[in-house]
Number of protein chains: 2
Amino acid sequence: MIGEFEYLLIAATHRLGEDAYGASIRREVEEATERPCSIGSLYTTLDRLEAKGLVRTWMGEATAQRGGRAKRMVSVTAKGIESASAFYRAISRVSRDISWEAQCP
Amino acid sequence: MIGEFEYLLIAATHRLGEDAYGASIRREVEEATERPCSIGSLYTTLDRLEAKGLVRTWMGEATAQRGGRAKRMVSVTAKGIESASAFYRAISRVSRDISWEAQCP
DNA sequence: CCATAACCTCTACAATGTAACACTAATGAT
DNA sequence: ATCATTAGTGTTACATTGTAGAGGTTATGG
């Protein structure tokens, strides 16, 4: 089973589509979690996901922006979709009928 | 941030309410994930959650069933609810607009 | 009084999560 | 030309979580 952070990366990549690369994924994750996501965490996890065949990465072209250097593009493989799907299903299932907010024990 | 398995335990406990104890939580998790959940994993994680103050556990009375020995009852603390809530929110947010099934790349 | 059922505990190891630090390449201003 | 700045990536080391396996304890029912 994939872990939480791995899921976050895969989902963010999937959402970003053509525009998924290291830095953009990072921004997406930070937005979703509302917490900083360190650079190191991101690339290490990306490497692991690639090693497991859940994502595919390749170096893109440099853009013509100030500092616009080559990006490491990412896309989710079919196997990655399957894993993410299983993760999400498990979370959803165990969370059915639960509303986390507004509990007063 | 709590991990995936930790979330599963907290959510299952919350769902089970008064009937949450080691073995019942285990069954709930297995149902949600459709995968076996080893006994060891469960109690180790329960211990860690308790150490972090996310759940509270105590030994209950033995029931009058064959082999019905004392159960380790569990309940989620306010802090646990908060953590689980944050986890769920992050997952939901990064998953918005994604439908994992039926992708044909 | 013993086999069996329903639980819990402990130990050890593998996999994930995370931070700190170092690095490369292009632009734009001086 | 050269140098600060911007946009990106990579590496190493360690902390935290995830997971299995084997072993214990207490009760019932025969």
Phosphate OP1/OP2 of C/dA15: any A/Lys52 side-chain N/O under 4.0 Å:
no

Phosphate oxygens OP1/OP2 of D/dG18: is one of them under 4.0 Å from a side-chain N or O of B/Arg48?
no

Less than 4.0 Å between a side-chain N and a carboxylate O, is that true for A/Lys52 and A/Asp47?
no

Using whole Å, report how far [atom1] of [X] lies from [atom2] of [N].
{"X": "B/Met1", "N": "C/dT16", "atom1": "CE", "atom2": "P", "answer": "18 Å"}
{"X": "A/Phe87", "N": "C/dT16", "atom1": "CZ", "atom2": "P", "answer": "12 Å"}
{"X": "B/Ile10", "N": "D/dG18", "atom1": "CD1", "atom2": "P", "answer": "10 Å"}
{"X": "B/Ile2", "N": "C/dG17", "atom1": "CD1", "atom2": "C1'", "answer": "14 Å"}
{"X": "B/Arg35", "N": "D/dA20", "atom1": "CZ", "atom2": "C1'", "answer": "12 Å"}
{"X": "B/Glu50", "N": "C/dC10", "atom1": "CD", "atom2": "P", "answer": "12 Å"}
{"X": "B/Leu46", "N": "D/dT19", "atom1": "CG", "atom2": "C1'", "answer": "15 Å"}
{"X": "A/Phe5", "N": "C/dA15", "atom1": "CZ", "atom2": "C1'", "answer": "15 Å"}

Show me the pairs that pass salt bridge (charged side-chain N to carboxylate O under 4.0 Å, His left out) and involve residues 17-27 of chain B, at least two apart or across chains.
B/Arg26-B/Glu30

Those residues at least two apart in sequence (or on a different chain) that pass ring pair (Phe, Tyr, Trp, His ring centres under 6.0 Å) with B/Phe87 are B/Tyr7

Do the side chain of B/Glu6 and the main chain of B/Leu49 share a donor and acceptor less than 3.5 angstrom apart?
no

[X]: what forms a side-chain contact (heavy atoms from CB on, under 4.5 Å) with it, not counting sequence neighbours?
{"X": "A/Arg15", "value": "A/Glu28, B/Arg96, B/Asp97, B/Ile98"}
{"X": "B/Thr63", "value": "B/Gln65, B/Lys71"}
{"X": "A/Glu61", "value": "none"}

Which parts of nucleotides 5-11 of chain D does protein reach within less than 4.0 Å, heavy atoms only, written one letter per nucleotide 5' to 3' as B for base, S for sugar-phosphate only and - for none?
BBBBBBB

Between C/dT18, C/dG17, D/dT19, which one does the side chain of A/Ser38 approach most closely?
C/dT18

